[in-house]
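Presented below is the structure to which this report refers.
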Protein chains: 2
Amino acid sequence: MEDGLNLRSRQILEAIIEDYISTAEPIGSSAIRSRHGLSLSPATIRNVMADLEELGFLSSPHTSAGRVPTEKAYRFYVDSLLAVGGVDRGEREEIRRRCTMAGKDVEGVFRGVSQMLSSVSHYMGIVAAPSFNSNVFRQIEFIPLGGRRILAILVSQSGSVQNRIVELERDISADDLQKMTNYLNEMLHGLTISQVKGKIVREMEGERARYDEMLANALRLSQQALDDVGEEIFIEGQANILDLPEFADVQKMKDIFRAMEQKSQLLTVLDSCLKAPGVNIFIGSESHLNSMSGLSMITSTYVSGKNTLGVLGVIGPTRMGYGKVIPIVDYTARMLTRMLHVD
Amino acid sequence: MEDGLNLRSRQILEAIIEDYISTAEPIGSSAIRSRHGLSLSPATIRNVMADLEELGFLSSPHTSAGRVPTEKAYRFYVDSLLAVGGVDRGEREEIRRRCTMAGKDVEGVFRGVSQMLSSVSHYMGIVAAPSFNSNVFRQIEFIPLGGRRILAILVSQSGSVQNRIVELERDISADDLQKMTNYLNEMLHGLTISQVKGKIVREMEGERARYDEMLANALRLSQQALDDVGEEIFIEGQANILDLPEFADVQKMKDIFRAMEQKSQLLTVLDSCLKAPGVNIFIGSESHLNSMSGLSMITSTYVSGKNTLGVLGVIGPTRMGYGKVIPIVDYTARMLTRMLHVD
DNA sequence: GTTAGCACTCGGCCGACAAGAGTGCTAAGT
DNA sequence: ACTTAGCACTCTTGTCGGCCGAGTGCTAAC
């Protein structure tokens, strides 16, 4: 075999991985034979297992336990062994049913998809909403809230709505506010949000802003409104992992919950997926986050035209059911792509 | 003593409760004396403890363990024993610093307060945002998203923004959309959201809607936009409770996380607080939610003028530091009230 | 190359045992 | 009548040894 494993080794490795995925317990030599109907004696299987351990695919918790797949084994499994199936009918229907925008706010759409992913996969769902910065500006509105507070509402082409409360240093008349609104909407039309940010900075430094006080105010106001529009990540179904036996240990559970609170770390991983379209799989330490030890992540990107909008996926234990989850993630990404598509 | 406990019993009960709050371990007779400098022998204390157990204030896990306060004891403690202090300087500053609206969206304000509550109290923070239904309508905008999708943005007097994606059955011109917007804004001006809902239903059944198709469309659209604006609850700092020894048991931890996922149950409790202004304390089963066993909740209301807007609070173990947390919750509620106040 | 046989290893489980914490009771002291 | 010293009793916790079973690695025979 081109990858250095003969057929029998591959079969046995596959059997071990699949058994381990379903039981979460170390697999012994005789368990494999009985559960997979191989016509080999346990002794032979043991020999093969010893080789596989030598090669780094298996490890044993202690001498007299069975063997457990390593990350390398899972990687080999998803790359070479796994026949990725389809999504079965019921699940397809469920995904389709729960991928709907009607009656939700934009944020709710992504949260809903994340919830759906978690409940279909039985692991955690994760959705990174489209980066607001790469969205195209559509409209800005300022609504006076009383006092010197103003509510700025910013809408992008894709329908994302951001609102910010900004505090002014001085009073401003409703009339002036309207003028500022009109001015900004005209000036910023058709730019992406990050272009908008740049433009505002340039304008503020430009000649005109120095003489036109109202313009300067408008720019300052919009800058505050755009300040710190971070990426949003929706992680749902954390309670699902509570039932997994590998996290029965309280300490491990704590680690995971802490890790999921640190969304910025996850963001860097998800960002890297933006550049790699289609399904991506991170097994354990492959994501280079030590908070992800024991966890795997399957992601895919959703797009609009040729723009990659965002990433969604499932986070589960390394022994997750890759064969089932990969198609679910893939299908969901396609659904979300289609859903966001404007005719 | 009017409540049936003489001074010494009260002192001892207080000592037990406070020791238990800080150690989470059953308190023995000699521990009390050494830690509180009482000039009584352990034997005497034991007699008193036996009486307190008789009265239902204490219980012992088993014969030879110390004693543990019951819910009744905590209730007595907060009602009669506890001298509620102030908030100390550092915490007051922290609360003040983190109660700010600037640069956040409205939702972010409440989430921020919830996070602050959790980090100051070291338990979980909970904030129920003002019920959108009781807010006053300010403005509605429809933004075409392409296809037959329309983004409806609804803004209330207090600055809450709700957005919904609605799907139309037929195409509609931008011009008509603008007319509908103007019409609705005029018609609904100054009503509360729940009045708005009622008004729309009445109008739809009225004479005019039958002849004026555009009007009918406008009503239908706004109805969808208003559909199902639920109450929002922000629970933050769940990871805090992971460190508490009483939840070291995995099963209990699961129960709590599951309970916090069911926000609707909590909502009923919080709703009942809306009617009782000021600080409310629910000890264990007092909230009549069995998911709250082992947990206590301290809440207070934040108001605007004479309207109670919402509820915030802290959820922690029944043995939580009431003396510290009660003033924190109280002070935070006042801060939020002041913050939302429009000059 | 495969397999039966066998000695070996190691974790999990039980029961025994000792230590420690805390109680309740009794009897003596104030 | 209240307080307290003394003491026997109870119950948990931790530790130690032994047994069992699962699973391995090795060797020798097929």
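Below, chains carry the letters A, B, ... as their sequence lines are ordered, and counting in each starts from 1.
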In whole Å, what is the span from the [atom1] atom of [X] to the [atom2] atom of [N]?
X: A:E25; N: D:dG21; atom1: CD; atom2: P; result: 18 Å
X: A:D51; N: D:dT24; atom1: CG; atom2: P; result: 14 Å
X: B:I27; N: C:dT23; atom1: CD1; atom2: P; result: 10 Å
X: A:I45; N: C:dG1; atom1: CD1; atom2: P; result: 17 Å
X: A:M49; N: D:dA22; atom1: CE; atom2: P; result: 16 Å
X: A:R33; N: D:dG23; atom1: CZ; atom2: C1'; result: 14 Å
X: A:L38; N: C:dG1; atom1: CG; atom2: P; result: 19 Å
X: A:I12; N: D:dG23; atom1: CD1; atom2: C1'; result: 16 Å

Plane angle bin for B:Y322 and B:Y77 - parallel if under 30°, tilted between 30 and 60°, otherwise perpendicular: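 The arrangement is perpendicular - the two ring planes meet at more than 60°.
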
Presence of A:S29 side-chain N/O under 4.0 Å of D:dT24 phosphate oxygens OP1/OP2: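 Result: yes.
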
Phosphate OP1/OP2 of C:dT23: any B:S64 side-chain N/O under 4.0 Å: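 No.
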
Polar side-chain atom of B:T44 near backbone of B:L40 as donor-acceptor pair, under 3.5 Å: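 Checking the backbone N and O of B:L40 against the side chain of B:T44, no donor-acceptor pair under 3.5 Å is found.
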
Exam field: side chain A:E71 to backbone A:S285, donor-acceptor pair closer than 3.5 Å: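 Indeed, once roles are kept as given, a pair shorter than 3.5 Å links the two residues.
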
Would [X] and [Y] pass as an ion pair if we require N to O under 4.0 Å?
X: A:E246; Y: A:K252; answer: no
X: A:R75; Y: A:D79; answer: yes
X: A:D243; Y: B:R258; answer: yes
X: B:R98; Y: B:E94; answer: yes

Base versus backbone protein contacts along nucleotides 24-30 of chain C [heavy-atom cut-off under 4.0 Å; B, S, -]: B------

5' precedence on DNA chain D between A:G28 and B:S39 (nearest-nucleotide basis):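 Its nucleotide being nearer the 5' end, the pick is B:S39.
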
